[in-house]
Structure formats: C-alpha cells, structure tokens
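What follows is a short report on a single structure.
The sequence lines fix the lettering, A, B, ..., with proteins before strands; numbering per chain opens at 1.
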Amino acid sequence: MNNMDYLKELNPQQKKAVEHTEGPLLILAGAGSGKTKVLTCRIAFLIDEIGVPPWQILAITFTNKAAGEMRERVDRAVGPRAGQVWVATFHATCCRILRQHIDRLGYDRSFTIYDTDDSRQVIKEIIRQLGLDPKVYKERGILARISSAKNHMTDPEQMEKEAFRWEEKKTAEVYALYQKKLKQNNALDFDDLLLKTVELFRQDAEVLSSYQERFRYIMIDEYQDTNSVQFAFVQLLASRYRNLCVVGDDDQSIYKFRGANIENILSFEKEYPGCAVIRLEQNYRSSKKILQAANEVIAHNTGRKSKTLWTENEEGVPVRFRQFATGADEAEFVIGEIGELSRTQGKSFRDFAVLYRTNAQSRLFEEKCVSADIPYQIVGGVNFYSRKEIKDMLAYLKTIDNGADDLAVTRILNVPKRGIGQTTVTRIVQYAAENGIGVYDALQKAGEIPGLGRSLSKIQGFTNLISRLRAAAQEYLGVQQLLEMVLKDTGYQDELEAEDTEESRARLENIGELISKASAYEDTAEEASLSDFLQQVSLVADIDSVEENAERVLLMTLHAAKGLEFDTVYMTGMEENTFPGYMSLGTGSEEEIEEERRLCYVGMTRAKKCLTLTAAQMRMVRGETRFFNASRFVSEVPRNMLDSGRDTTDTRRFLAGGREEWNSRAAGHEPGRIGGRGTAASQTLKKKNPLFAMREFTVSKADHLEYGVGDRVRHVKFGSGVVTEIKNGTRDYEVTVAFDKAGVKRMFASFAKLKKE
DNA sequence: TATATAGTGTTTTTT
DNA sequence: ACACTATATA
C-alpha cells in the first residue's frame, strides 16, 4: 500500500504515535483508546514509509489471540510481507529463541515445557525425598515462592543466603533440587522460558548481538503487566538501537500476583531519559455514562499517571446496580435478562459477557444457561490441556519425543492399566535415582533391577511399545497419525470404550479434538515437528481459543476479559470479600485493594453500551452459606450516576416491603426462615418483580436466638435434642445440638429451622 | 495390586 | 462442594 489511508483515520495523538518511529516511546493508552490500531498502523508505517524490512520488527503481545489479531490486521495493511514480522507473546518468543540456542546453557534443544501442574508434581516428589512435612511445606506455596524468586531473578544460592528463617532455607533447598530435576528432565517451566533467555543473552554476547541486530524495532503491548525478567529481556534486546515502543495503561495493571511490576511503566521515563510520551485519552468504546462511572472508581487509586479518559460517544443509559438475595437469584436475573433481550430486542448472544472474580463463580451461570437454553462458552476454569486424558496423550508424545522427561514417563507407565503397580514404580524410580539415570533408562535396564519379579515382562512390554511408537514417529508418521497410533496401540481407546460411561465418552471426544488440533497444526505450521507441536500446545491460553464471532454468551473471569469489549457487560459478585476478594482484604494492604480496583476498572471499561453490576447477599462458598455486603466499588460510583433500581415509587414500595419482612426475620421472630426459600407468596412476588429480591447493603444476621445452650430444641429432620454450644460467628450463629436419635450436629441457625420446645 | 471409602483440606487472578 | 489422600478390603 503506497498511500497512507490508514493514517487518515487516526486522531492527532494516535498519528503522532505512529509516526514517531525512532528512539524510545511510551504510549499511555487508556482503555478503548485504539491502541491495537495504533500498533498495527505503526508496523505498517515502519514497513511502508520508513522502508524497514518486516523481519526487523518484533511485536510482543499478551496473548496468542492478540498476536494473531495483530498479524491479521498488519497483513490487511501491508500484504503477505506481514508474515515476516515477528509477533508473539513473551513466552512464545523466548521459546523460539531457546529452541535455537539453549544448548549453550547445557540443555538439549528438544526441551519440554512444564505447566503448573507438572511443576507441582516435581515439588511434591522433592518434598517427599527431603522428608519434609507436607503439612508445613505445601507444593502450592513453595511453587509460588520459587516462581516469585525467578521473577526477581534470584537463584537458589541467593535465596539460601537471604533466608533467615528455617523454612526459607528449606525452600531454597527445594528450589535448588527443583532446578536440578528440571534440567535432568530436560524441561523448563514457564518462568524458565523467560529467565533462561535472559541468562543466555547475558552470558553469550554473540547470540545477544545477533538478536539486537535483527530486531531493530521493538514494540511491547500491555507493558504495565511485564515483570522484572521481561523487563530485563526487553532492555537487553533494545539497548543497541533503542527503538523501543511500549504501550500500556497503569490503571489496567492486574497481574501483580505473577510478578508484574507496575514500576516498569511508571519509571519508563527514568530508564529512558528523553523518551517521547504520548497519551491516548480519547475512548472510542464506551458510552459517556459508563466511562464516567469507571473514571470515578479508578480515581480512588493513588500513584497513577495523570490521565482522564473522555469520549465523544453518546450519553447512553446509566450503569445499573442490582442486589439479590442469593447467588442463584443473581444468575437467574442475569441470564434471564440476556434471554429476554435477545428475544425482544434482537440482540445477538455474542454481544453479552458475564464477568466474575473467580472461576468458581461460573457454575451458577452455566446452570442457568443450560436450563434457559442459552448458548454459552466458559473461558478458563479447567484448561483443555490440563484434562487427564489430554495430559496422558501428551505424556506419550513427550516420552516418544524426549525420553528424559521422567514426569511424562511415570505418568503413563501404568496408563492404561498394564499391571505395573505402585511398588514396582517406586522401585524403578529409586533405582534410577541411585544410578543417576532417567526413569526411562532404568526401564530399559529393568533386567538389572532386583526384585521386580513378574512385573519385568510388563515393563518390557511398555518399553517395546514406546520403541515401536518412536520408530514410527521418526520414520514416517506426522503428529496426527502418531496420536491415532498411540490411542490404539496403547489400549487407551479400548479402555475408555469398555468403560462406556458419559465421562469416558467425553474423554474420547476430547482426545478426538486433540487429534483435530494436531491435524490443523500440521496444515498451518511452517515446519511441523513433534517438539514444536508440544511447545505450541503448552503455551496456549484459555482466551486464545475464543472465537470472535460465535453466537454465544461468554462467561469468564475479569482477568480473562482484558483486551476484549462487549455491547453489554454484567459484572457479577460485586460483594466485599468476593470482589475485592478476601485474599486482598485479609492483609489490609491498600496496594492489594488498588489492584482489585484496577481489575474493576478493567471490567467496567469492557462495556460499550450497557453495564450492570450485580451482587448477592448470600452465597455458598466452599460448602457453607455466607453473607455479603455490596462491594465498596459499587459505592465508589456516585449515587447519581448509578441506577440502583430505587428511584421509582414502585421500587420503593417493593423495597420497603422487602426490608420490613427481612428485618422482622433478622430480629429473630422467625429465625428458621432466614435464608430459606421464603413463602410461596414471596416467591411469586420474586418472579413478578426481581427487584423484590433486592435489599439495602445491610448485614443480615440474627440479633439473638430464641434458644440458648441447654435448651431443648426440635429439628424438622433430626427430631429433638439439647443445644450444647452456640458460636457467634461474624456471619451467622453456629449452633451445635446433641440430638436424641441423630447424634451431634453442627448447623447454622438461619438454616437449621430449630424450634424451642 | 486395584479399588472403595472415609477423611482431609482447599481456591484469586494466569503464561 | 469438591478434589485429593490415606486407609481398609477384596
């Protein structure tokens, strides 16, 4: 394209950002300010106007999905040359670099990538080996500690030195062993991908120099979410030509928990004195009302870069807030409304998104979607690639590709069942450890291992199977065919077919999907190989598989929603301790609250036309019912900007009625009814007018109970008994009753329906 | 050795 | 509520 059509559509700041090609540039891009457009135009401009060869451009995005979109858009602007622009995520970029050069760090270039699950297994094994108490040293915590150390580029020795508590010393020890194991298994975890690349660059001037020469123009998206290692990576790469353009929004930094360092963006100007700073403050996405509300909320944060988003979009409808008695009511309202809007206003299901803080909250919405027959897709939760059957298949591929991965080998050693039991496995692993060889090597030498008895032939059966598959893979089979062969020859398929349950059929279906993914991979990959396939598979994010134009409602966490936009957004679970979550409230640190607030801001700014905040007064959390107040973020939107459903006389009447009834219950006149399903009449009312279910923000715990310790009470199901204990919890009374027939039970007063006798 | 059952702990967010 | 682990039992 010779003309600069794409420049004409840009506003002055955007244009400036596109045309500023030389030297460091910081683009502070508010939500919905068209930064993807700027980035793609900038790439096109570099190629078309400046004459930069496409392969000298590196663009790093946050997700594979974003990378794909960006490539597509550049492709549209400059044509097929766009294929030579390197667009990828940090992890994929590092992975590609390491595939070329990691041998210089003493790893094999066919390394495998461990996901969090794999890493946990390794940690667990180490804790066992060191004889540490698994109650004190939990894999999860240790892994988090190690990950954070890696994000700060701290190695085990350093951690050991800095440790002053016994557990920290031990953690450092686990860390050291963990790294050793990973290396033995020729595996890298997610953090290693970045860390080893930086290590490589630092240690090998030649390699670094070649990449510095190659990538003369570097662009980083979502810069506010980069961590120290990524920062170091960028610094190293950009230090020669200094044509570094970073785009970010400090208000949308939501990944502190995985090491993102907000300072990276706040201090960019210090790192690169004299860098250009461009602010994109015009929002093209949301209505005025939505944007105003979001601005109000985020204004409660301190330490931001000054920035005020504005928009020329229409005024729009007010942001709504609705509070319901239970999580189920909340879900019913949201899904019910979506169904109604699609029926009556011809809205498309893809215009809707339901957002929540934690994946666990998805269930209620999913249930309502199923019962209302509304098509939906849940993003996240259990990742496709972490399903058991998929991991099993991949473990076979890994074993075929790289027999050094002990984790993969032990995973499939007896899957499907081939009579190799726990005792045998332990013996083999022990032998491998004693002789400093891999588990697969040990299997091949099984004849030398004493005490295996009858298992020996089974083991030989396994190694023969693997050699056969390996030979097939090397000689003539593609990934797809190999997978099919694995499925059949291992007996995996037979086992699932014999099981013939709904679950086993679903598993087979999942494997079928994996096979079609493999086939799609072979069709598109430049140079298809087993290692490369395994790499791609381990670096996909949940959001990557979301198709833009499918006709369904999307359900996802607020984190997953970043970078997306929807006509109508429901932010659900807007309750204290749900969002902001109890984790961030527990510490009382303002910093964590601010991160949650940014998350809220991200959520709000996903909406184009209609934004609804919803909350429940009680919901089940880990099997117990809890009471919640509305989120502080709701009250941070000024009342006059918020439609709380309280402004019409109708509503007020309903509310008054509702509250009266509630208060009378709360006062203890009918303790058994709190949280119950309510009377038939109130249920009909609820159906007629969902506002009936709405309440003020007040807590809903009984002030006192009609009975005390020692009183005889009667329970509908358990019969009579004596109250032995009453614990006054923050949310509800917890009553212990010794029943005459049913034994001792602990229950919540509001649900127990206890009557004094 | 494999499976059924009871007991235990657990969850924020993700590449 | 659910998943995972330890223990008992066939």
Side-chain angles (χ1 to χ4, degrees), chain A residues 60-67 88-95 113-121 124 128 134-135 138-141 143-144 147 150-151 188-195 222 225-227 229-230 253-260 327 355-364 379-383 385-386 388 414 416-426 453-455 458 535-544 556-562 573 577-587 592 595-596 598-600 602-603 619-626:
Chain A
I60 292 188
T61 57
F62 200 67
T63 61
N64 294 303
K65 181 163 178 276
T89 64
F90 268 110
H91 291 271
T93 302
C94 290
C95 195
I113 300 166
Y114 276 5
D115 63 20
T116 315
D117 222 59
D118 300 326
S119 299
R120 260 175 59 184
Q121 295 296 119
K124 216 162 97 185
R128 233 196 328 257
K135 292 237 159 51
K138 300 192 174 117
E139 312 108 70
R140 232 189 125 68
L143 198 56
S147 177
K150 287 185 174 183
N151 288 154
L188 301 184
D189 66 15
F190 288 135
D191 300 319
D192 281 341
L193 288 174
L194 306 165
L195 203 57
E222 306 282 9
D225 286 321
T226 53
N227 63 32
V229 187
Q230 292 165 333
S253 165
I254 54 172
Y255 281 101
K256 184 157 178 265
F257 70 90
R258 72 174 200 214
L355 309 182
Y356 35 77
R357 177 66 235 270
T358 63
N359 281 307
Q361 290 166 256
S362 68
R363 232 196 59 201
L364 285 172
V379 181
V382 189
N383 188 309
Y385 292 102
S386 46
K388 181 186 176 299
N414 195 33
K417 305 218 161 26
R418 44 176 77 90
I420 303 175
Q422 195 52 54
T423 358
T424 311
V425 175
T426 315
R454 266 170 275 115
S455 305
K458 311 260 174 68
Q535 155 186 333
Q536 288 217 1
V537 150
S538 46
L539 292 180
V540 291
D542 297 314
I543 196 72
D544 294 337
M556 66 191 131
T557 63
L558 288 153
H559 280 89
K562 182 155 90 151
N577 289 304
T578 306
F579 183 40
Y582 66 96
M583 281 300 205
S584 52
L585 289 170
T587 60
E592 296 205 37
E595 172 121 339
E596 297 274 304
R598 289 192 291 271
L599 192 54
C600 181
V602 167
R619 71 169 73 238
M620 283 276 241
V621 182
R622 288 204 301 248
E624 61 174 337
T625 304
R626 300 202 153 170

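- A sub-4.0 Å separation between OP1 or OP2 of dT12(B) and a side-chain N or O of Asn577(A) is absent.
- Phe90(A) does not qualify as a stacking partner of the dT15(B) base, lacking a centre-to-centre distance under 5.5 Å together with planes within 30°.
- Between Lys417(A) and dT1(B) there is no side-chain polar atom (N or O) within less than 4.0 angstrom of OP1 or OP2.
- Residue contacts shown for Phe62(A) are absent, as no nucleic acid heavy atom lies under 4.0 Å away.
- Here dT15(B) presents its P atom at 10 Å from CG of Leu539(A), a figure rounded to the nearest Å.
- In summary, of the residues considered (Leu599(A), Thr557(A), Ile254(A)), a side chain to side chain contact (heavy atoms under 4.5 Å, CB included) with Lys562(A) occurs for Ile254(A) alone.
- Side-chain nitrogen and oxygen atoms of Arg140(A) include at least one within less than 4.0 Å of the OP1 or OP2 phosphate oxygen of dT11(B).
- Side chain Arg357(A) to base dT13(B): a donor-acceptor pair is found below 3.5 Å.
- Atom OH in Tyr114(A) sits about 24 Å away from atom P in dT14(B), given to the nearest Å.
- The distance between atom CZ of Arg619(A) and atom C1' of dT11(B), rounded to the nearest whole Å, is 15 Å.
- Ion pairing between Lys124(A) and Glu139(A) fails under the 4.0 Å rule for side-chain N and carboxylate O.
- Residue Lys124(A) is classed as a sugar-phosphate contact, given heavy-atom separations below 4.0 Å to backbone atoms only.
- Distances shorter than 4.0 Å separate some side-chain N or O of Asn359(A) from OP1 or OP2 on dT13(B).
- Between Asn227(A) atom CG and dT15(B) atom P the separation is 14 Å, expressed in whole Å.
- Rounded to an integer number of Å, the gap from Glu624(A) CD to dG9(B) P is 15 Å.
- Protein atom CD of Glu595(A) is 11 Å distant from nucleotide atom C1' of dT12(B), rounded to whole Å.
- Counting any heavy atom pair closer than 4.0 Å across all strands shown, Lys458(A) reaches no nucleic acid atom.
- Distance from the side chain of Phe257(A) is smallest to dT14(B) among dT12(B), dT14(B), dT11(B).
- Contact annotation for Thr63(A): no contact, since no heavy-atom pair falls under 4.0 Å across all strands.
- Taking atom NZ of Lys138(A) as the reference point, atom C1' of dT10(B) lies 9 Å away to the nearest angstrom.
- Side-chain contact check for Arg258(A) versus Asn227(A): every heavy-atom pair is 4.5 Å or farther apart.
- In this structure, the nucleotide among dT14(B), dA1(C), dT1(B) sitting nearest to the side chain of Thr424(A) is dT1(B).
- The separation of dT13(B) from dC4(C), taken at their C1' atoms, amounts to 22 Å, rounded to a whole angstrom.
- Map Thr557(A) and Asn414(A) each onto its nearest nucleotide of DNA chain B; the residue landing nearer the 5' end is Asn414(A).
- Here the straight-line distance linking atom CZ of Phe190(A) with atom CG of Asn151(A) works out to 13.0 Å at 0.5 Å rounding.
- Residue contacts shown for Lys256(A) are absent, as no nucleic acid heavy atom lies under 4.0 Å away.
- Residues Asn577(A) and Leu585(A) meet the side-chain proximity criterion, which asks for heavy atoms closer than 4.5 Å.
- Within the nucleic acid shown, Asp191(A) has no heavy atom closer than 4.0 Å to any nucleic acid atom.
- Side-chain atoms of His559(A) lie closest to dT13(B) of the nucleotides dT13(B), dT11(B), dT15(B).
- When heavy atoms are screened at a 4.0 angstrom cut-off, Tyr255(A) is found touching the sugar-phosphate backbone but no base atom.
- Contact check for Gln361(A) versus Phe579(A): no side-chain heavy atoms found under the 4.5 Å cut-off.
- Distance NZ (Lys150(A)) to P (dT15(B)): 18 Å, rounded to an integer number of Å.
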